Amino acid sequence: MSSRALLEVRGVSKSFPGVRALERVDLHLDEGEILAVIGENGAGKSTLMRILAGIESRDDGVVAIDGEVVAPESPREAAGLGIALIHQELNLADNLDAGANVFLGREPRRFGLVDRGAIRAGARSVLERVGADFSPDAPVADLSVGRRQQVEIAKALSCDARILIMDEPTSSLSRAESERLFTLVRALRGRGVGVVYITHRLGEVTELADRVVVLRDGRNAGELRGDEIGHDAMVRLMVGRDLTVSDTRSAAGPGSVRLKVEALATEHSPQSPLSFEVRSGEVVGIAGLIGAGRTEVLETLFGLRPRLSGVVSVDGVALDTRGPRQAIDAGLALVPEDRKRDGLFAEMSVRENVTITGLTALSRAGLLDRRGERRLARDLVERIRVRTTDIEQPVATLSGGNQQKTVLLRWLAVRPRVLLLDDPTRGVDVATRHEIYSMIEELARSGAAVLFASSDLEEVLRLSDRILVMHEGDLAGVLGRAEASEEAVMRLATGARGGAVG
Amino acid sequence: MNKTLGILGLLVLACVATALINPQFVSAYNLQNVIRWTSLFGILSIGVAFVIITGGIDLSIGSVVGLVGCLLPLLMVEHGFSPAAAIGAVLGLSVAIGLFHGLLITKLGLQPFVVTLCGLLFYRGYARFVTGDQTQGFGTGFETLRGLATGKPTTVATSIAVLAAGALLLEVLRGRREQEGPRRGPLLAAGAVFLAALATGVFDPGGLAQVRAPAPFLIMIVIALAAGLFLNATVGGRYLYAIGRNLTAARYSGIDTDRIVIGAYVACSALAGLGGVLFALDVNSVQPAMHGNFYELYAIAAAVLGGCSLRGGEGTVTGVVIGAAVMRVLYNSINLLEIPTQLEFSIIGAVILLGVAADELVRRTVARRRRGGS
Amino acid sequence: MNKTLGILGLLVLACVATALINPQFVSAYNLQNVIRWTSLFGILSIGVAFVIITGGIDLSIGSVVGLVGCLLPLLMVEHGFSPAAAIGAVLGLSVAIGLFHGLLITKLGLQPFVVTLCGLLFYRGYARFVTGDQTQGFGTGFETLRGLATGKPTTVATSIAVLAAGALLLEVLRGRREQEGPRRGPLLAAGAVFLAALATGVFDPGGLAQVRAPAPFLIMIVIALAAGLFLNATVGGRYLYAIGRNLTAARYSGIDTDRIVIGAYVACSALAGLGGVLFALDVNSVQPAMHGNFYELYAIAAAVLGGCSLRGGEGTVTGVVIGAAVMRVLYNSINLLEIPTQLEFSIIGAVILLGVAADELVRRTVARRRRGGS
Amino acid sequence: DDGPQRPQVAYVTNGIASFWTIAAAGAEAGAEAFDVDCDVRMPASGSEDQKRILEDLLARGVDGIAISPCDAQNQAGLIDEACALTHVITHDSDAPLSQRLCYVGMDNYAAGRMCGALVREALPDGGTVMLFIGRLEQDNARLRRQGVIDEILGRSFDSSRHDPPDQPVSAAGYTVLDTRTDQFDRSRAKANAEDALALYPDLGCMVGLFAYNPPACLEALRGAGRVGKVKVVAFDEADETLQGILDGEVHGTVAQDPFRYGYESVRILAGLARGEEGVLPADGYLDIPATVVRADNVEAFRATLRELTGASR
Ligand SMILES: Nc1ncnc2c1ncn2[C@@H]1O[C@H](COP(=O)(O)OP(=O)(O)OP(=O)(O)O)[C@@H](O)[C@H]1O
Ligand SMILES: Nc1ncnc2c1ncn2[C@@H]1O[C@H](COP(=O)(O)OP(=O)(O)OP(=O)(O)O)[C@@H](O)[C@H]1O
Ligand SMILES: [Mg+2]
Ligand SMILES: [Mg+2]
């Protein structure tokens, strides 16, 4: 261990009712180092970072900065110590504009008054650095999830922190924006900033990290540096065994057209109507840069946003999209992108969260069958290993990835005819991701049409039979499995035309 | 559950303390009155609990009580409606009011506080206008009808024994249905209550066993049972809680949130209307500008005291009924203990605040202890 | 801004309609009264707006007005306090009350509705107790002091001209400071108002130019300016909005959210206290059980009408003041147009509801149109 | 302490008002004089509160209750219920349909007519009149108002008449324009007076029918600078009213004697509690007549009042 690490964590432990989230965890970070912290969902990564950022208290252990023991008790104190944290979940005040959010809590002042000019200028430059294509005056309420994430990143970058902790910063960024972020992070490293980087996209780790610390069940599971950093090595440390991934797509060709979209005009890009179809048994991915309009398409199909014109039909029957209720009756299901806002009943139990869509099927003579409900919940939770103490645990106390799984389970349980997924594996660890893929594939095999958006290009390539690439609200092209490659997708996503549209 | 136990403790404490200082508290006459008032306010509180669970609020309850209370005698005495027709009319009106609130809140997206505040003002003004500010009453007729509010058809001991027996039976059935056998806690509790109710007949035949159950008590029991069943055992009840926790997530889950929310406002106003009918029959004298003033606040306070959170998604019927009982017992004690009436409000306010504060502190301590212990 | 224009339209509409039907509306005497009442209620509304912007609510305002109104004459008349000492004492008490609310809400995590509902009950009871339900008043002494509420030191035209000139100057300064030059809209508006104020002196020297500005109006203007400056131009104001929309985000950003929230409750109670002092001085007769009843609802209604959202994070001072004016103008018109007073509440309720509903509908239509057009 | 032996009586009002604090002083003086414990209860919200208070008093087992019913007609049943358990008398406002043992008070209709006579004195040549009152739902308020109107318009004695509040009635040069209620909110009372002044630039007389209304009218007149130009006729004996009479700003007032309402009620209840049926007045009505106070007798009246209420404080 270097003599005087920038940040040193020794023997930190933390328990919650029923779980030991961290047990004597050690960690150190040097100046000008990018340290990746990885681990399965619920391994304790976010908890540790929240402790460092003064949000959570610790039960035991020492944190030192420059060799000096510190104990930040509030985000404010942590900021004073030079620690900045990009949270795993979005935390913005959406009644303010992007600039105000970037400088929230650290507003430059003149004569005691907020210096709006300085905020606008400062925010503009930092937003540009992260590659944001919107102005600092844009109200956050009008930004897509990916752009909000950029605001969060800009906010942390603008602190000039010495220790920058990034908890899954790219979970809703696409490849292009992520690259841009990496350049920034490397530049920060050059300036001596210590960066802690958490992600489930192991490719990013190989690309970026100087060193990797792996957590498993709240304990240090090992460390990799330099050449040791490789996909399989990381998985072995995280899971404790080798992961055998079966990449066997069923050869059974797609069936009849299930979802047909003709000249669909959406709220924010009415001038570029979309047409495409998804067949029964087919998995279609939507790729694009952030703000390309993927979420908008899915939410419009699901009746959450107004459909300005166009026809959507399911199995040849025109879909009434006054609201999600009608969409669901027609056999649609949507796993939303922003789980915290649109998916979770945070204070309710895992059981109540996963069974909410299947309750009507579980009731007899109008009364709930509680035993049946418990059985269903237990089954589901075991299917993709949601890490909970028991099914009565409030979902708010699950780790980010496990929360994502509960939202997914809710819909996988009801076997819809058309499954719409918006970034379905956002924040889900590698092992579970593959289980989810096989569930999706199995659903497709049993006749469902699957349409999913993802910011993870690897995922899109891995899962899709066909890929719709969107660019600024437009359908820039469609790629079949054979023609699909990272380059092909990126070319379309950044505006070059090509491929067979339809 | 924890919260309900806490407030039950507060109720027992208040009762025991009052009874020790003034034994008149446990006289049949006084207990009957306290039970009747509790039931009348309890009906309003159960109604508002539905709305509070969805994360909303209803400030118009008092004015609905006032309006219904004015219209009922007006229709019967001045316009010669039959009792059934008049009651039907005012309850229909209450349902319409609830529907109106619900539609404005769901379809137009207005805030519940605002909509029902306007209701508070509007219905009060309308009641004053339609009666020309004249006090309304049934005079000395309609004694049978007034029995709905003032009758005492059976004894409290009997009704409680019946309830407890029913609960025992249900728990056994439930245990069988869910194939896990009845749970011990509920069985013991129901059994103990059943025996206690029988025991009053044996040990205090002239005293407590004589306390008769006012008709509103029986009405409230029926409503509470129905509400409890709905909230705990039906899909609709679960949806209500889910909506209170996260409306968007509920929508994304395919719940017809509008229908459920409208239903909650209808239930609330309908119960306010029913309460209004019973209040009017009981008091027999309705002053259009005054009758029911602030009742929404009492109803909400009782619901909150009973464990409802105004943030939505929390609350039980038992808690709410006990909350209403605590408030009435407090009023009663203040009078029986000859505390200056001016302090009445202060004491009620202080007790509610202490109640919720204590609850919060206990919750925190428990959380801390549990965390430390595990 | 849009919302503010809407409510301003409603105000103009109400004024013009009333003036056309009954020209007495624009008599100096009547306008002075309307302005005085608007100012008194406006002070309360500005206070509650702070709390509403944080996403909270204060139901205790009416009781604080009542308590302060009782204590002020009690201290001065019965206990011989000097006016300054008495006012200091009651304002100090108001601040303490706000602090108490704020602490319970932030440090103990209790719900604002509950805390301030208990306050509503408690302070009312305490006021009744401490006065023994005796009506309080200043008698015929203290005329100078009462000038604070009843004096009319200058004319409305003058004060508005001064205000508009100030606004012009500020906009020019702002433009220079932010190096983008003054914006046309504000410049034109301020200029027009300034000229209009001067013009009344020329064209209607015996009429509108004679309307004098009641002291509470000037007090409210000062408060409104300070509040507006705070909300729009200071860090604290920005934090208030952030907290109202997303408390966690604010906390994670290192904002001392507790301090800001407590500050909002203190401001609210302090302004309620100040309002209470002015109300008492104005009315000169305070009945402990009644004085200020329901004022919190009027204050909240005015704030909401003026564009505050009870979900937090929204609201402007201008809007709130105009909201208060709308309510008072409505009251006044009902009286001047000789509409049955019983309907008063109904009309107010209906207008508020129509106001917020229209606002919502317009907002939706505009959004749809903009969408279609882009 | 011989508490338990002392009879316990209760004095229940129909609301909270300064009028009732004088009555309470009388009741307490009576309790002292006749050696009973007297509990004064003021319901905050009308009939429903009265019912609850009555029930609580009965539960406590008091030996007598004096009540001023909010709604005589409909509360007869309630009063009869109480009569079955204890001695009940009415004061201030009667409930003739019930079995109450007697009524202590005055005839509100007659007192209203006295007030109306004062208006005619103040406006000998006729003119317009506005009435201000807290609430119109109470029997005494309604009767009082009707008495004023009937006397101003020179009608016959008939307390069962009813003129709707918002329609002007006129006869022989006098016009009663409107009656404004304020629900006991003093700010409203003042605003009502101001609105009337704004609405009727040639208003002749303002009549304040609840104790706080005349002072509110005076306040409004001062603000408008029309003191003396618009006559004020009052009811009850608020200090500002008496001062106004002294200063010539108020023409006169009709004063009830709430102190004696309280005192006499307790006297009768104390007697009844001790089994002395003789304390009951002859025909079940103890008349405590109202007095007309004008500039000539105001000094004396105020002195007596101060002595009575001051002595009991
Ligand atoms: N407030 C809480 N109460 C109870 N348990 C909690 C709480 N917060 C976190 N936990 C538990 O602590 C463990 C670690 O969670 P943490 O969020 O640190 O995981 P993580 O490594 O960040 O996972 P992910 O990759 O899914 O984000 C989990 O089992 C989680 O359920
Ligand atoms: N409520 C809104 N108001 C205004 N504009 C919006 C709103 N929601 C989305 N937009 C805009 O619509 C466009 C499409 O956004 P959408 O969320 O569909 O993008 P996306 O492809 O899902 O990107 P992301 O990866 O950021 O989620 C973006 O330009 C976004 O800024
Ligand atoms: Mg995490
Ligand atoms: Mg998206």
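Chain letters run A, B, ... following the sequence lines, proteins first, then strands; residues in each count from 1. The model shown is predicted, which means the values in this text are computed figures rather than measured ones.
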The interface call for C/L305 against chain B, heavy-atom contacts under 4.5 Å, is neither
When the 4.5 angstrom heavy-atom criterion is applied to C/L117 and chain B, the contacting part is side chain
Of all heavy-atom pairs linking B/F345 and C/L121, the shortest is CB-O, 3.2 Å
Do C/F113 and B/I300 come close enough that some side-chain heavy atom pair is under 4.5 Å? yes
So, the part of C/V304 with a heavy atom under 4.5 Å from chain B: the answer is side chain
Heaviest contributor of heavy-atom pairs below 4.5 Å to chain B, chosen from C/L310, C/V114, C/V115, is C/L310
Report the donor-acceptor contacts between chain B and chain C below 3.5 Å as a table, one pair per row.
| from | atom 1 | to | atom 2 | distance (Å) |
| --- | --- | --- | --- | --- |
| B/K107 | O | C/R364 | NH1 | 3.2 |
| B/K107 | O | C/R364 | NH2 | 3.4 |
| B/L108 | O | C/R364 | NH2 | 3.2 |
| B/Q111 | OE1 | C/L310 | N | 2.7 |
| B/Q111 | NE2 | C/S309 | OG | 3.4 |
| B/F122 | O | C/S346 | OG | 2.9 |
| B/Y126 | N | C/S346 | OG | 2.9 |
| B/S309 | OG | C/Q111 | NE2 | 3.3 |
| B/L310 | N | C/Q111 | OE1 | 2.8 |
| B/S346 | OG | C/F122 | O | 2.9 |
| B/S346 | OG | C/Y126 | N | 2.9 |
| B/R364 | NH1 | C/K107 | O | 3.2 |
| B/R364 | NH2 | C/K107 | O | 3.4 |
| B/R364 | NH2 | C/L108 | O | 3.1 |

For C/V356 and B/L110, the nearest pair of non-hydrogen atoms, with its separation, is O-CD2, 3.9 Å
Across all chains, not counting sequence neighbours, the side-chain contact (heavy atoms from CB on, under 4.5 Å) partners of B/I347 are B/I334, B/I339, B/L343, B/V351
CG (C/L120) and CG (B/L297) are apart, to the nearest 0.5 Å, by 6.0 Å
For residues 61-72 of chain C, the salt bridge (Lys or Arg N to Asp or Glu O under 4.0 Å) pairs (sequence neighbours left out) are none
Residue set satisfying ring pair (Phe, Tyr, Trp, His ring centres under 6.0 Å) with C/F294, at least two apart, ordered chain then number -> B/F294
